[in-house]
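Order of the sequence lines sets the chain letters (A, B, ...), proteins ahead of strands, with each chain counted from 1.
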2 protein chains.
Amino acid sequence: MRIGELAERTGASIRSIRYYEQQGLLASVRLANGYREYTSLAEEQVRTIQLYLQLGLTTEQIAGFLNCVLQSKEAFCENVLPVYERKLAEIDDQIRLLASIKSNLEDRVRSILEERRKSEDECKTCE
Amino acid sequence: MRIGELAERTGASIRSIRYYEQQGLLASVRLANGYREYTSLAEEQVRTIQLYLQLGLTTEQIAGFLNCVLQSKEAFCENVLPVYERKLAEIDDQIRLLASIKSNLEDRVRSILEERRKSEDECKTCE
DNA sequence: CTTGACCCTCACATTAATGTCATGGTTTAT
DNA sequence: ATAAACCATGACATTAATGTGAGGGTCAAG
């Protein structure tokens, strides 16, 4: 199939599919006219790429194990686990940071509401 | 004081201080030679900017209420609370997404370890 | 008068995947 | 043969704060 059909089937944009190829994630054979031609395997391959991208992995990380996982199970690809571990650590850091900012913001919101409540009370006293 | 001293005192880079000015967060008067001159108030102002940036607000958001909060309390600046609320909602979204990716990754790690354990067991059986 | 430490502006780089536009070749159907 | 639909490459834009470097004034101390 050609790139348009592959895009249609996978939901990836043509632009993205070309990008995956450029990043070494996806191969294509070129027809005499220069068009990319894909086998039906490409469809699953693009879906696999999308899956890993949704996990927040970079194309570079994916490139490190994609060929392996396309042929065997993740469990048999040595490169997968370290990437997952690193990503998990990174996510934990991000969550921690976000949680800390969140509680800071919540404190501030509480303070503001509290201060405003006090002001309102004063107004009532004034009346 | 000049920009170098302000940078030194606040820990902000000279580059950042100029950027804050460009974004309308910080004013300076220019000496005859073109140098920026700051009053001692600028120091607190930069610290305030840094504080809001650490909360993940953009310079644009900060610009929306900085003048107000420099003069009175946050509680009396109408523009603060909506920004905080929006930021909190955004953070919740991010945390939810990260948590979802995290549990997905954890499942995958578990699967891999499980599969490998099974393989090891088979090996023992083989011996 | 020269050196070194300041300061200035302008502009490009950074990240990473994707969108979008320009320009142009190919194919298919009418 | 021409229009419509497809494909190609290349390049710039996106986000937002900051780093960095070029090229060039200013000023104080020696």
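- The environment of A:E44 atom CD is sparse: at most 12 non-hydrogen atoms of other residues, nucleotides or ligands sit within 6.0 angstrom.
- Atom CZ of A:R36 and atom P of C:dT27 are 16 Å apart (whole Å).
- A:I14 places its CD1 atom 11 Å from the C1' atom of D:dA8, with the value rounded to the nearest Å.
- Ring geometry for A:Y84 against A:F65 counts as perpendicular: the plane angle is over 60°, on a 0 to 90° scale with 30° as the lower cut.
- In terms of heavy-atom proximity, B:A42 sits nearest to B:L26 at CB-CD1, 4.4 Å.
- For B:I49 and D:dA17, the CD1 to P distance is 12 Å, given to the nearest whole Å.
- Nucleotides D:dT15 and C:dG19 are separated by 14 Å at their C1' atoms, to the nearest Å.
- In this structure, the side chain of B:T10 engages the main chain of B:L6 through a donor-acceptor pair within 3.5 Å.
- Donor-acceptor pairing under 3.5 Å, judged by distance alone, is present between the side chain of A:Y35 and the base of D:dC6.
- A:E21 places its CD atom 8 Å from the P atom of D:dA8, with the value rounded to the nearest Å.
- In this structure, B:S13 does not reach the D:dT18 phosphate: none of its side-chain N or O atoms is under 4.0 Å from OP1 or OP2.
- As a whole-Å value, the separation of B:Q22 CD from C:dC10 C1' is 11 Å.
- Residue whose closest nucleotide on DNA chain D sits further toward the 5' end, between A:E5 and B:Q23: A:E5.
- Within the 4.0 angstrom heavy-atom criterion, base atoms lie near A:R18.
- Taking atom CZ on A:R2 and atom P on C:dT27, their separation rounds to 9 Å, with Å as the unit.
- One finds a side-chain N or O of A:T59 lying less than 4.0 angstrom from the OP1 or OP2 phosphate oxygen of C:dA17.
- Contact annotation: B:R15 does not reach the phosphate of C:dT14 (side-chain N/O to OP1 or OP2, under 4.0 Å).
- Between the C1' atom of D:dC27 and the CD atom of B:E37 lies a distance of 15 Å, rounded to the nearest Å.
- Between B:T58 and D:dA16, a side-chain N or O to OP1/OP2 separation shorter than 4.0 Å is absent.
- Across the protein-nucleic acid pair, A:I3 atom CD1 and D:dA5 atom C1' stand 15 Å apart, rounded to whole Å.
- With D:dT18, D:dT9, D:dG19 as the candidates, the nucleotide lying closest to the side chain of B:Y20 is D:dT18.
- With 3.5 Å as the limit, one finds no donor-acceptor pair spanning the side chains of B:E74 and A:S111.
- For A:N33, a side-chain nitrogen or oxygen approaches OP1 or OP2 of C:dT27 to under 4.0 Å.
- Remark: A:Y19 is not in phosphate contact with C:dT18, judged by side-chain N or O atoms under 4.0 Å from OP1 or OP2.
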